[in-house]
Structure formats: structure tokens, C-alpha cells
Amino acid sequence: MYARDNDAGANGLQQRLPVDSHVEAATEMVRMLADGTRLRLMWLLVHGEYDVTALVAALGVARPAVSQHLGKLRLAGLVTMRRDGRRALYSGRGGHVRRLVTEVMHAAAHRVRGIPEHD
């Protein structure tokens, strides 16, 4: 088989690729989850709504670091913030983000424990 034999198939494959803007957004989201502190923050935030003080206490990380991570997560579209008086409350943004974080943590647990995946 020669490389030119695959030319017709390559065009069909290109049509199946996601658009660049979607790939760029997904890359940024996954990059944000590639940090242990941010992943721990996201785990908490997809399961509840918390202010910075509660997150600092739960993670044992300095307040400025937590605030900086939250800012990055907000810019990546993974976290929302709402005001409750003077407090800012953070949570994971919607079902897609919740499923993304949950799935990556479940996949990691399966890998660590040597449990086979189910399709």
C-alpha cells in the first residue's frame, strides 16, 4: 500500500475533525485540570459552592494561591462565581464540567487500583 492510496480516506477524516476553536477551548480546559491544586479545587467545586475561606481551609493552600487558581479556572470557563453580600461563592460550571472532572478522577482511581474499565 502506498501513501497516495490513503488520500481519499484522509479527506473524509479531516471532515470528522472538530473545529479549531473547539479544540483550542478544550485544550485550555484540560490544561487547567493538569495542576493538582486546581484539580482538587474543581473536585470540591463540582460538588458544592464555596467561598475562598472554605477552599483555603479545605486545601491547606495560601489564600493568594487559591484566588489565583480560581481566576485561571474562571477564565478557562470551568468555574462560575456569584456574590452573596460581600462573599464571592464559587462552583463548577454546569454538567459538562462536572462530568469531565468526575470522569477523569474515576479513570485515575481505576488506573491506580488496577480496575479494568467498562465501555
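Only a predicted model underlies this, so the values are computations on that prediction, with no experimental measurement involved.
Leu75 is linked by a side chain to side chain contact (heavy atoms under 4.5 Å, CB included) to nothing, counting only residues two or more places apart in sequence or in another chain. In this structure Gln68 satisfies the side chain to side chain contact (heavy atoms under 4.5 Å, CB included) test together with Lys72, sequence neighbours excluded. Scored by the ring-ring contact (aromatic ring centres under 6.0 Å, His included) test, His96 finds no partners at all (sequence neighbours excluded). By the side-chain hydrogen bond (donor to acceptor under 3.5 Å, both in side chains) test, Arg93 pairs with no residue at all, sequence neighbours left out. Scored by the salt bridge (Lys or Arg N to Asp or Glu O under 4.0 Å) test, Glu24 finds no partners at all (sequence neighbours excluded). Legend: residues meeting side-chain hydrogen bond (donor to acceptor under 3.5 Å, both in side chains) with Arg98, ordered by chain and number and at least two apart, are absent.
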*Apply side-chain contact (heavy atoms from CB on, under 4.5 Å) to Leu39 and Val104, showing your working.*
CA-CA 10 Å; Leu39 188 53; Val104 76; 4.2 Å; yes
*Could you walk me through whether Thr53 and Arg63 pass the side-chain contact (heavy atoms from CB on, under 4.5 Å) check?*
CA-CA 7 Å; Thr53 302; Arg63 185 179 194 89; 3.1 Å; yes
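In this structure, NE2 in His69 is found 5.0 Å from CG in Asp35, a value given to the nearest 0.5 Å. Considering CZ of Arg74 and CE of Met32, their distance stands at 14.5 Å, rounded to 0.5 Å. Once rounded to the nearest 0.5 Å, the distance linking CZ of Arg99 with NE2 of His106 reads 12.5 Å. Here CZ of Arg40 is found 8.0 Å from CG of Leu59. Values are rounded to the nearest 0.5 Å. Between the CE atom in Met105 and the CG atom in Leu33 there is a gap of 10.5 Å [rounded to 0.5 Å]. The CG atom of Leu55 sits 11.5 Å away from atom OG1 of Thr37, with the distance rounded to the nearest 0.5 Å.
Hydrophobic clustering (side-chain heavy atoms under 4.5 Å, transitive across Ile, Leu, Val, Met, Phe, Trp, Tyr) keeps Leu70 apart from Leu89.
For the side chain to side chain contact (heavy atoms under 4.5 Å, CB included) with Tyr90, the lone residue among Thr80, Val52, Asp51 that qualifies is Val52.
Residues Gly77 and Met29 approach most closely at O-CE, 4.3 Å, considering heavy atoms. The nearest pair of heavy atoms linking His110 to Pro116 is CD2-O, 3.7 Å. Closest heavy-atom contact between Leu78 and Met42: O-CE, 3.4 Å.
Side-chain contact between Val46 and Leu100: absent, with no pair of heavy atoms (C-beta onward) separated by less than 4.5 Å. Contact of the Val101 side chain with the Leu45 side chain is not registered, since no non-hydrogen atoms from C-beta on lie closer than 4.5 Å.
Few gaps surround CZ on Arg82; more than 12 heavy atoms of other groups in view lie less than 6.0 Å from it.
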